[in-house]
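Quick caveat, the model's predicted, so the values are computed rather than measured. The chains referred to below are lettered A, B, ... by the order of the sequence lines, with proteins before strands, and numbering in each begins at 1.
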Protein chains: 2
Amino acid sequence: MATRPTPIPSVWARPQREPDQPALSRAAIVREAIVMLDAEGVEALSMRKLATRLNAGAASLYRHVATKDELMELAVDEVAAEIHVPSADGADWRAAVSEAARSFRTTALRHPWLPPVLGQAGLAYLGPNLMSYSERLAALFTAAGFPDPGTAIDAVLSYVIGMSTTEAAWLTTVSRSGDSESGLIARLLPAVQQATAPHSHLAQGYAETEEAVTTDPAALREAKFEAALEIVLDGLSLRLEAPGS
Amino acid sequence: MATRPTPIPSVWARPQREPDQPALSRAAIVREAIVMLDAEGVEALSMRKLATRLNAGAASLYRHVATKDELMELAVDEVAAEIHVPSADGADWRAAVSEAARSFRTTALRHPWLPPVLGQAGLAYLGPNLMSYSERLAALFTAAGFPDPGTAIDAVLSYVIGMSTTEAAWLTTVSRSGDSESGLIARLLPAVQQATAPHSHLAQGYAETEEAVTTDPAALREAKFEAALEIVLDGLSLRLEAPGS
DNA sequence: CCCTCGATGCGAACACTGTACGCAGAACGG
DNA sequence: CCGTTCTGCGTACAGTGTTCGCATCGAGGG
């Protein structure tokens with residue numbers, strides 16, 4: 001085989017590992033992936049861009065992560081640790097569940113890619129943080145004395161995931177539009193009015209909230225979340241006071 | 001300019017439009033897209049494969065549809081027509097809402113790609129069928145006498161979307177696994193048991209339903225959907241009987 | 001001290017994807 | 001008969017996830 005031209009050895013040419021470059025590791029990859037997801041959404045995350053941010057080649061990532069799906073699963077579990085669930089001392093279950101739901105929503109809005117991924121994950125993701133999240137939720141409901149904690153969890157979790165998914169999607173649309181939330185609403189208004197015009201109830205419902213939606217949209221979103229959550233909590237409370245059946 | 005060699009004109013050479021080839025049209029494209037989505041899921045739908053199925057080139061689709069996202073929006077609206085919402089004659093609102101929720105679930109299971117897309121669509125999709133669906137729901141709640149129909153819709157729709165999303169995702173996983181539902185559960189069981197082992201409430205909750213989950217999973221899924229729905233409906237009923245505020 | 005060996009990084013390639021451009025031919029109105 | 005407009009589409013571009021095989025490197029053993 002041909003001897004390749006011997007390069008002149010030089011201290012300057014020889015690569016020196018930068019000590020503050022924390023090397024490539026699964027944790028570092030997941031951390032940076034979450035940063036990208038938060039900043040630009042789920043479809044802006046590509047293995048190549050992620051690798052570039054880590055001063056690495058795309059193929060290198062696959063030494064630490066089997067596939068992109070697995071990376072997403074790791075990211076979900078990492079972020080799941082941020083959701084706060086009050087401990088089950090049984091004092092006031094309603095306040096505790098409400099707090100858990102609120103905390104889910106705030107982390108979901110901090111990481112808008114989370115709700116859809118989590119919704120589609122379902123039972124498939126078995127990461128430690130997700131498991132301990134479910135465990136704490138289950139502990140809360142059993143301590144409160146619910147005869148069927150599983151159903152209670154289904155109700156509140158499905159509601160929270162569904163609501164957060166659409167709210168996060170809306171916020172993603174807003175941030176991508178480059179406009180403010182009220183600004184985007186104003187620009188969308190003609191289309192919405194035209195679409196709702198033939199439908200009396202929709203038109204009326206929208207007209208009622210039009211002022212609030214243009215002045216302080218964020219507050220209105222939170223109020224809506226809270227109001228519908230109260231409905232679910234009311235339903236739960238009935239299940240608690242009539243333990244027969 | 002050069003005269004190209006005159007081809008011999010022949011009846012057989014001249015292309016004749018097949019009459020049963022319904023040409024390319026927006027409706028035909030959307031219809032075939034739905035077939036593909038139902039059969040193979042959302043990530044198996046590509047413009048090229050869709051075009052091939054229609055005996056067309058990929059670029060031709062863009063004469064009838066601006067972008068793939070727009071195609072998805074059209075598909076969603078098409079499928080939204082299948083969701084049945086009882087008319088608002090105000091007889092028994094609880095049965096009517098329950099029927100609407102059930103119908104949502106069955107169409108969601110018939111088109112498992114629908115719930116996640118719909119959840120992320122939120123307010124963005126303004127198709128006629130989706131609008132009339134919302135309208136009928138709003139009519140139902142106002143006819144029943146709810147003081148705040150919007151919040152009622154939020155509660156039941158969020159719950160239904162959240163629950164259907166995870167259920168549809170599970171069914172997609174099952175169909176992709178090539179195994180039966182109980183078979184897949186059996187294969188997943190070790191991993192689940194290992195993951196839930198350190199968490200007492202989860203382990204207990206799973207142990208309780210293990211028999212039902214392996215014998216008739218479909219019935220268990222439906223029962224779970226129904227049970228949590230009852231909680232939401234209970235919460236709604238309170239909102240109705242105390243119209244003050 | 002050298003030498004091997006497993007782990008790590010990565011350039012190049014493969015099989016895809018959504019979409020833009022511009023040309024060919026048919027349809028149709030004047 | 002000519003122009004214009006509409007429809008289909010071959011080709012190309014920029015990107016994707018993932019694999020292969022090779023280079024490099026640090027540690028451990030002789």
Pairs in or reaching into [range]: which pass salt bridge (Lys or Arg N to Asp or Glu O under 4.0 Å), with residues at least two apart or in two chains?
range	result
residues 119-135 of chain B	none
residues 154-163 of chain B	A/K224-B/D154
residues 194-203 of chain B	none
residues 159-175 of chain A	A/R105-A/E167, A/E167-A/R221

Enumerate donor-acceptor pairs with a distance under 3.5 Å from any side-chain N or O in residues 60-74 of chain A to protein atoms, sequence neighbours excluded.
residue	atom	partner	partner atom	Å
A/S60	OG	A/G57	O	3.4
A/K68	NZ	A/L45	O	2.8
A/E70	OE2	A/A66	N	3.4

Take the protein atom [atom1] of [X] and the nucleotide atom [atom2] of [N], then report the distance between them rounded to whole Å.
X	N	atom1	atom2	value
A/L54	C/dC10	CG	C1'	14 Å
B/K49	C/dC16	NZ	C1'	9 Å
B/L50	C/dT17	CG	C1'	14 Å
B/I29	D/dT7	CD1	P	11 Å
B/M47	C/dG18	CE	P	7 Å
B/E43	C/dG18	CD	P	12 Å

Angle between the end axes of the helix from C/dC1-D/dG30 to C/dG30-D/dC1, five pairs per end, to the nearest 10 degrees? 10°
Any donor-acceptor pair under 3.5 Å from B/S103 side chain to B/A100 backbone: no
With a 3.5 Å distance limit and no angle check, can you tell me whether A/T209 reaches the backbone of A/A212 through a side-chain donor-acceptor pair? no
So, is A/S60 near the phosphate of C/dT8, with a side-chain N or O under 4.0 Å from OP1 or OP2? no
Restricting to side-chain hydrogen bond (donor to acceptor under 3.5 Å, both in side chains), what partner residues turn up for A/Q194, sequence neighbours left out? none
In numerical order, the residues of residues 61-71 of chain B whose heavy atoms come under 4.0 Å of DNA chain C are B/Y62, B/R63, B/T67, B/K68
Any N/O pairs under 3.5 Å between the protein and nucleotides 11-15 of chain C? List them or say none.
none

Review item, side-chain donor-acceptor pairs of residues 108-118 of chain B, under 3.5 Å, at least two apart:
residue	atom	partner	partner atom	Å
B/R110	NE	B/E82	OE1	3.3
B/R110	NH2	B/E82	OE1	3.3
B/H111	ND1	B/D38	OD1	2.7
B/H111	ND1	B/D38	OD2	2.9
B/H111	NE2	B/E82	OE1	2.8
B/H111	NE2	B/E82	OE2	3.2
B/W113	NE1	B/D38	OD1	2.7

List the residues meeting ring pair (Phe, Tyr, Trp, His ring centres under 6.0 Å) with B/F225, not counting sequence neighbours, and say none if there are none. B/Y159
Sugar-phosphate only, base, or nothing, as touched by B/A56 at under 4.0 Å among non-hydrogen atoms: sugar-phosphate
Partners meeting side-chain contact (heavy atoms from CB on, under 4.5 Å) with B/I161 (sequence neighbours left out): B/F104, B/L157, B/T165
